[in-house]
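Comments concern the structure below.
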Amino acid sequence: MSERKKKILIVDDEDIVRRALFWVLDRSVFEVFEAKDGVEALEMWGDVKPDLVFLDVLMLSKTGVQVLEERPSEKPK
């Protein structure tokens, strides 16, 4: 029985940054998801339930800080 792959969400408004991180992380043991801005990140966050988020702080639509403040809350286990 194999373990579940850890999920990583990459949030950055610069394509080159997202693609570089995706390229490195996707070739490892992670399941990698990408969001091009804060709005898309919030839409994906609840569905993906990432274990780790690479979050750009200086984005135009919503800053990384706003994304953190608005992210779906995790229910205690």
Side-chain angles (χ1 to χ4, degrees):
M1 177 161 56
S2 64
E3 286 189 34
R4 173 184 74 83
K5 283 186 169 186
K6 297 293 184 184
K7 296 178 183 177
I8 295 179
L9 176 59
I10 301 168
V11 185
D12 200 301
D13 54 358
E14 292 188 44
D15 290 338
I16 194 163
V17 174
R18 276 196 331 272
R19 297 310 305 157
L21 284 169
F22 184 91
W23 187 82
V24 171
L25 296 169
D26 189 52
R27 286 163 171 60
S28 59
V29 295
F30 302 107
E31 187 174 1
V32 184
F33 301 86
E34 295 178 68
K36 67 180 179 299
D37 58 32
V39 173
E40 188 175 38
L42 288 170
E43 291 171 358
M44 293 179 71
W45 200 306
D47 294 331
V48 171
K49 295 180 179 56
D51 297 295
L52 177 69
V53 178
F54 283 93
L55 181 59
D56 181 6
V57 176
L58 300 174
M59 294 183 291
L60 296 178
S61 63
K62 283 192 182 287
T63 67
V65 173
Q66 289 171 317
V67 171
L68 286 176
E69 291 173 346
E70 297 175 29
R71 75 185 185 274
S73 62
E74 293 292 320
K75 294 190 167 105
K77 294 180 181 179

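Remark: D15 CG to F22 CZ distance equals 13.0 Å, nearest 0.5 Å. Annotation: the span from D13 atom CG to T63 atom OG1 amounts to 11.0 Å, rounded to 0.5 Å. Between the CG atom of D12 and the CG atom of L58 there is a distance of 9.5 Å, given to the nearest 0.5 Å.
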May I have the step-by-step check of side chain to side chain contact (heavy atoms under 4.5 Å, CB included) for V67 and V11, ending in yes or no?
CA-CA 10 Å; V67 171; V11 185; 5.5 Å; no
Could you go step by step and tell me if I10 and L25 meet the side chain to side chain contact (heavy atoms under 4.5 Å, CB included) rule?
CA-CA 10 Å; I10 301 168; L25 296 169; 4.2 Å; yes
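Applying the salt bridge (charged side-chain N to carboxylate O under 4.0 Å, His left out) definition to pairs two or more places apart or across chains, those involving residues 46-58 are R4-D51. Contacts classified as salt bridge (charged side-chain N to carboxylate O under 4.0 Å, His left out) and involving residues 33-42 (residues at least two apart or in different chains) are given here: R18-E34, R19-E34, K36-E40. Screening residues 64-73 for salt bridge (charged side-chain N to carboxylate O under 4.0 Å, His left out), with sequence neighbours left out, gives K62-E70.
Smallest separation of non-hydrogen atoms from S61 and G38: OG-N, 3.6 Å. Listed here is the closest heavy atom pair of W45 and P50: O-CD, 3.6 Å.
Under a hydrophobic-cluster definition in which Ile, Leu, Val, Met, Phe, Trp and Tyr are linked whenever side-chain heavy atoms come within less than 4.5 Å, directly or via other members, V48 and V29 are assigned to different clusters. The hydrophobic cluster containing L52 also contains F30, counting ILVMFWY residues as joined when their side-chain heavy atoms lie under 4.5 angstrom apart, directly or transitively. The same ILVMFWY cluster, assembled from side-chain heavy atoms under 4.5 Å apart, contains both I16 and V32. In the hydrophobic cluster analysis, where Ile, Leu, Val, Met, Phe, Trp and Tyr join through side-chain heavy atoms closer than 4.5 angstrom, F33 is grouped together with L42. Hydrophobic clustering of Ile, Leu, Val, Met, Phe, Trp and Tyr side chains at less than 4.5 Å, counting indirect connections, keeps V53 apart from V57.
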